[in-house]
There are 2 protein chains.
Amino acid sequence: MKNTKQRKVVLDIINNSDKHLDAFGVYKLARISISNISLGTVYRNLGSLENEGAIQVIMVDGVKHYDKIIPHYHFVCKKCLKIIDVFDLEIPRLKEYNGNLVDDYEIVLKGICENCQKEDNYGIKRK
Amino acid sequence: MKNTKQRKVVLDIINNSDKHLDAFGVYKLARISISNISLGTVYRNLGSLENEGAIQVIMVDGVKHYDKIIPHYHFVCKKCLKIIDVFDLEIPRLKEYNGNLVDDYEIVLKGICENCQKEDNYGIKRK
DNA sequence: TCCTAAATAGTAATGATTACTATTTAAGTA
DNA sequence: TACTTAAATAGTAATCATTACTATTTAGGA
């Protein structure tokens with residue numbers, strides 16, 4: 001594997017962001033450092049970083065969002081699709097189920113966020 | 001809401017299948033009953049049935065798969081993408097987190113299925 | 001039977017992601 | 001330091017799941 005500047009920029013963006021960026025969000029930030037970086041390159045690096053376990057993915061509304069590797073979960077608001085980090089949640093995990101090797105849990109809490117519970121915020125999506 | 005035959009066929013397909021069909025899989029089966037049913041109609045009904053809580057969704061590789069409402073979880077093999085039902089798993093659930101109302105947990109176990117652990121099955125996806 | 005809003009069929013459009021290809025480059029080797 | 005080469009990139013085209021659109025049909029109430 002080659003240690004390219006594109007790869008380093010993509011990884012740094014994820015590790016330094018407190019947002020949960022999708023590929024295009026990473027691309028927009030990456031262009032600040034490398035003005036002609038290709039969107040395909042961003043996708044490829046996000047994919048390989050995910051496979052290596054260097055970053056993690058959370059799926060929201062059919063779109064992959066990326067996050068650094070810090071043990072935590074996510075809450076996703078069904079109305080505005082906002083992603084909120086969830087810490088201090090203990091969930092017991094199987095290592096194996098019926099002969100199938102389990103090495104990962106994808107856990108997403110879903111519901112209505114505090115803001116959207118106020119009735120005048122109905123239906124406003126902030127992606 | 002109108003009680004159309006298309007809606008009934010879609011719901012029956014989910015409730016009578018032990019597979020985890022995606023929209024196109026439902027469409028193919030639905031055409032046996034209604035030969036000119038539209039793919040868009042299948043999507044619309046799957047979406048509304050999901051919103052009403054009549055069926056549930058599991059996301060695999062960026063594609064929605066549908067399942068009946070029976071309390072259980074899923075294991076997804078990272079290699080072949082097979083979905084395996086997981087019963088008898090107790091996971092404690094919050095009702096609320098920092099003022100956010102939690103009414104649903106999306107939980108997917110991921111790993112390598114029994115079959116794919118045999119080395120001669122590497123890389124074969126069965127979608 | 002009539003009426004009407006809702007659902008449908010068929011098709012086009014969208015949007016995230018992947019594939020393709022000529023060019024560039026990281027990194028090992030002489 | 002220059003050479004070599006496989007891997008990565010930029011730019012673009014293609015794919016594919018899903019949604020949007022519109023004329024037509026239909027469920028269900030009056």
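This structure is a prediction, so every number in the text was calculated from the model and none was measured. Just so we're on the same page: letters track the sequence lines, and every chain starts at 1.
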Would you please test Ser48(B) and Arg7(B) for side chain to side chain donor-acceptor pair (under 3.5 Å) and show each step?
CA-CA 9 Å; Ser48(B) 61; Arg7(B) 178 183 180 78; 3.3 Å; yes
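- Mapping Lys2(A) and Ala23(B) onto DNA chain D via the closest heavy atom, the residue that lands nearer the 5' end is Lys2(A).
- As rounded to whole Å, 13 Å separates atom P of dA16(C) from atom OH of Tyr66(A).
- In this structure, Asp22(A) reaches neither bases nor backbone, as no heavy-atom distance under 4.0 Å exists between it and the strands shown.
- Separating the CG atom of Asn51(A) from the P atom of dT18(C) is a distance of 10 Å, rounded to the nearest angstrom.
- In this structure, Ile34(B) places its CD1 atom 13 Å from C1' of dT26(D), rounding to the nearest Å.
- With respect to the salt-bridge test (charged N to carboxylate O, under 4.0 angstrom), the residues Glu106(A) and Arg93(A) do not qualify.
- Of the candidate nucleotides dT8(C), dA26(C), dA10(D), dT8(C) has the atom lying nearest to any side-chain atom of Asn45(B).
- Of the residues near DNA chain D, Gly40(A) and Gly62(B), the one whose nearest nucleotide (by heavy atom distance) lies more toward the 5' end is Gly40(A).
- When each of dA10(D), dT8(C), dG28(D) is scored by its nearest atom to the side-chain atoms of Arg44(B), the top-ranked nucleotide is dT8(C).
- Looking at Lys64(A), its side chain has no donor and acceptor atom pair within 3.5 Å of the base of dT17(C).
- The nearest whole Å value for the distance from the CE atom in Met59(A) to the C1' atom in dT18(D) is 12 Å.
- In this structure, CZ of Arg7(B) is placed 14 Å from P of dA9(C), rounded to the nearest angstrom.
- Side-chain nitrogen and oxygen atoms of Thr4(A) include at least one within less than 4.0 Å of the OP1 or OP2 phosphate oxygen of dT9(D).
- A salt bridge does not link Glu50(B) with Arg44(B): none of the charged nitrogens is closer than 4.0 Å to a carboxylate oxygen.
- The phosphate of dA9(C) (OP1 or OP2) has a side-chain N or O of Gln6(B) nearer than 4.0 angstrom.
- The nearest whole Å value for the distance from the CD1 atom in Ile37(B) to the C1' atom in dT8(C) is 9 Å.
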Stepwise, does the side chain to side chain donor-acceptor pair (under 3.5 Å) test hold for Asp85(A) with His72(A)?
CA-CA 7 Å; Asp85(A) 287 315; His72(A) 67 288; 3.0 Å; yes
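- The side chain of Ser38(A) sits closest to dG11(D) out of dG11(D), dG10(C), dT18(C).
- Look at OH on Tyr27(A): it is 9 Å from P on dA10(D), rounded to the nearest Å.
- The side chain of Tyr43(B) places an N or O atom within less than 4.0 Å of a non-bridging phosphate oxygen (OP1 or OP2) of dT18(D).
- Salt-bridge annotation for Lys78(A) and Asp103(B): present, with a side-chain N of the basic residue lying under 4.0 Å from a carboxylate O of the acidic one.
- For Thr41(B), taking side-chain heavy atoms from C-beta onward, the closest of the listed nucleotides dT8(C), dA10(D), dT18(D) is dT8(C).
- Here dC21(D) presents its C1' atom at 15 Å from CG of Leu39(B), a figure rounded to the nearest Å.
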